[in-house]
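If you read the sequence from its start, that first residue is 1, and numbering goes on from there.
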Amino acid sequence: MKSRYKSSRSIIALILVLAVTFGFAAELFKIQIRDKEIYAAQNNTDKTYIVPIEAARGEIVDRNGNSLVTNRHGNSIVLNAVYFPSAENNEERNKIIYNLINLFEENGEEFVSNLPLKFNSTGNIYFDGEEQDIATMKSADMLNLQPYATAQNCYDAVIEKYGIEGYDREMSLKIANIRYELTKLLFSYENPVTIADDVSDETVAKIKEDKNTYLGADVKVVAYREYVDSTVAPHILGTVRKINAEEYKEKKDDGYNITDQIGESGIEQAMESELKGVPGELTITIDKDGNVSEEVTKKPLQGNTIVLTIDRDLQILAQNQLKKVCDSVNAYSSAGAVVVEDCNNGEVLAAASYPTYDLNDYYEKYDELSKNPRNPLWSRFALGTYAPGSTFKPVTACATLEAGVINPDTLYKCEGTKEFFGQPFKCLDGNVHGRENVRTALRDSCNMFFYNCALDVGINKIDEYAEAFGLGSKTGVEIAEASGNLSSPDNREKAGGVWRIGDTMTTAIGMSDNLFTPLQLANYCSTLANGGTRYQMHFVKAIISTSSGAVNEKAKVVEETVELSNTTLDNVHSGMRMVATDAGPSEIFKNLNTQVACKTGTSEVIVNGVKRNNGFLITYAPYSSPEIAVSSAVELAGSGTSTAEITSEIIKYWYQNNTDAKTNQKTGTLL
């Protein structure tokens, strides 16, 4: 029996051996005899790879053509897979990277360091990065570790993965950073990876002179973002950064490369599709003998030029005046915003926020800026929401006059204080104004007059006009902005609260739940000034095509027309003119030859347990034929009058010789 089994197994084994042998023989016949010509042709065929050439981003200029954001040329060091040792040759790869690191450190160059691992002072490895970065490092595509892996586990894995034994721990981690970057950015013939940005000419020369020591390292001329003045309009212009993995997955079909830059905020983000250039193409050919040739087969095309509505010099003046006033209030805690708008088309001529920041060191100081309790990164003109105080009173005046509840001669008596429904209400600062009509009530900012208006006209009519003026809704600007909140029974109920008659009264004087941005206040003032046409606000005036030179100018967009009679406009305008001539701001505005109309406002805030007032002012000029509107908000200023100096200087600039007859700055526009 045993002999028979052994014989059977031998026969089966022999059959298997013969089958495999015949299989190899058949494949060999196929390759060498039958398909010989096909394989010979493939072996003699050149291999071609397409490498994208980065295109410079478009420039950003002001309304007069003054450059705000441009590009400068600098040198980056990239690793090119065509010349770099293959992935299987860890030893050679690490040696070249080691040489490059020594060169970078010798010349003070920064190089990639995105591996979220670091050594502490005692020599222990620890995680140093965001949770998402650490999760990416542990993922199946990278180190393939479990989520609970420690920093030491990750370090050991990366050293093993890339064969970085034989170097000291500090150098091993530096080499690991570059190897990790190559993996993360899909290093290949078609995708060179940048390992050092904006390097010196000395570094460039060394790499070009010694190709063997730095095999596979190449110099790439890159367009870097440059600011003519990096402190001008940072909250408007915004920032750029390297595209992240998630964005790349979404945008790779739109021509993005994993090493591209992308707009992160402001106009850079809002106009990304226009600012992004069209990449070029470098065709690399490797022939059958391994010879490499390169040819630019498609030149890159720079992105389009964005023309902004802002006036650079007015923007600088607005920023400086805002800082001056805020610092005079309290250099350590006051903050604010100012907006200047063209009343007749919605163009934003200037928009400043304080405190502010410098675009040149934004990323370098990001942690410091983001932790600053004064929030310099926060755009107060677009994202800051404030109770507007008495600047809201013209809305109540319009609603009450249009509803026919009052007429220009209607009088309400102000005795300083009065009980309504058993609750005490008082006028501004407890002042006794006597009998007031709508014009004098606006001049004196008489709370009692507008409390009575509110009771007679009701909240629905007040909210109807507030909504029409755009208060509590976005203005339409291209950058991120807050909606704010309009005080209303519906919004209160949505928030889980209860509306009371007292809220109707306080809403009428700009309090209760009212929260508006300085952009909204400027747009509301513009609408009131021009007779009721509310335009969509915008920062982009035009786009100039790089390829054709064509200018696509943005048309003005009417968001809403507020129905206001001439009687209503005459009385509200007259009351606001009286604020400028007879009330608090008159001491500042009397020195202007340009006539203005305005409304002040204050709102109470609690700071460290102490009651303080924010100050607001809305202004338009010239009074007889409005062209510009200005809104200003200064935290802790005490009153709107305290902000009048900002507005005064803006009007002086815009009307160069301080006269209504003098042609204003708009004649110098680019378009």
Could you go through residues 598-606 and list every donor-acceptor pair under 3.5 Å that involves a side-chain atom there, pairing it with any protein atom two or more places apart or in another chain?
unit_1, atom_1, unit_2, atom_2, d
Lys599, NZ, Ser445, OG, 3.0
Ser603, OG, Ala387, O, 3.1

ask   = Do Glu59 side-chain atoms and Ser67 backbone N/O form a donor-acceptor pair below 3.5 Å?
value =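 No.
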
Quick check: do [X] and [Y] have side-chain heavy atoms less than 4.5 Å from each other?
{"X": "Tyr362", "Y": "Pro234", "value": "no"}
{"X": "Ile543", "Y": "Val307", "value": "no"}
{"X": "Cys446", "Y": "His433", "value": "yes"}
{"X": "Gln319", "Y": "Thr356", "value": "no"}
{"X": "Met576", "Y": "Tyr620", "value": "yes"}
{"X": "Ile316", "Y": "Val232", "value": "yes"}
{"X": "Tyr412", "Y": "Asn437", "value": "no"}

key: Any residue meeting side-chain contact (heavy atoms from CB on, under 4.5 Å) with Lys426, in chain and number order, not counting sequence neighbours   =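 Applying side-chain contact (heavy atoms from CB on, under 4.5 Å) to Lys426 gives Thr417.
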
message = For Thr533, give me all partners under side-chain contact (heavy atoms from CB on, under 4.5 Å), at least two apart in sequence or on another chain.
response =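 Partners of Thr533 by the side-chain contact (heavy atoms from CB on, under 4.5 Å) criterion, ordered by chain and then number, come out as Asn530, Tyr535, Val558.
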
request  = Start with the C-alpha gap between Tyr357 and His235, add the side-chain angles, then the distance that decides, and say whether ring pair (Phe, Tyr, Trp, His ring centres under 6.0 Å) holds.
outcome  = CA-CA 9 Å; Tyr357 63 97; His235 298 94; 5.1 Å; yes

request  = Please list, chain by chain and in numerical order, all residues satisfying ring-ring contact (aromatic ring centres under 6.0 Å, His included) with Tyr354, sequence neighbours excluded.
outcome  =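 Tyr354 satisfies ring-ring contact (aromatic ring centres under 6.0 Å, His included) with no residue once adjacent residues are dropped.
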
ask   = In chain order, what residues pass the salt bridge (Lys or Arg N to Asp or Glu O under 4.0 Å) check against Glu587, with sequence neighbours excluded?
value =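 Glu587 satisfies salt bridge (Lys or Arg N to Asp or Glu O under 4.0 Å) with Lys590 once adjacent residues are dropped.
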
key: Partners meeting salt bridge (Lys or Arg N to Asp or Glu O under 4.0 Å) with Glu563 (sequence neighbours left out)   =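 Listed in chain order: nothing, the list is empty.
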
task = Let me see the working for Glu635 and Arg380 under salt bridge (Lys or Arg N to Asp or Glu O under 4.0 Å), right down to the final yes or no.
result = CA-CA 11 Å; Glu635 297 173 18; Arg380 284 173 166 80; 3.2 Å; yes

message = Glu649: which residues meet the side-chain hydrogen bond (donor to acceptor under 3.5 Å, both in side chains) condition with it, sequence neighbours left out?
response =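 With neighbours one apart ignored, the set is Lys652.
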
Test side-chain hydrogen bond (donor to acceptor under 3.5 Å, both in side chains) applied to Thr385 - qualifying residues, sequence neighbours left out =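 Checked Thr385 against side-chain hydrogen bond (donor to acceptor under 3.5 Å, both in side chains); zero matches.
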
By the salt bridge (charged side-chain N to carboxylate O under 4.0 Å, His left out) test, which pairs, at least two apart or in different chains, include something from [range]?
{"range": "residues 435-461", "value": "Lys461-Glu464"}
{"range": "residues 507-535", "value": "Arg492-Asp513, Arg534-Glu560"}
{"range": "residues 478-487", "value": "Glu478-Lys554"}
{"range": "residues 314-329", "value": "Lys323-Asp327, Lys324-Glu645"}

Report yes or no: do [X] and [Y] form a side-chain donor-acceptor pair below 3.5 Å?
{"X": "Thr239", "Y": "Glu268", "result": "no"}
{"X": "Asn344", "Y": "Lys556", "result": "no"}
{"X": "Asp229", "Y": "Thr231", "result": "yes"}

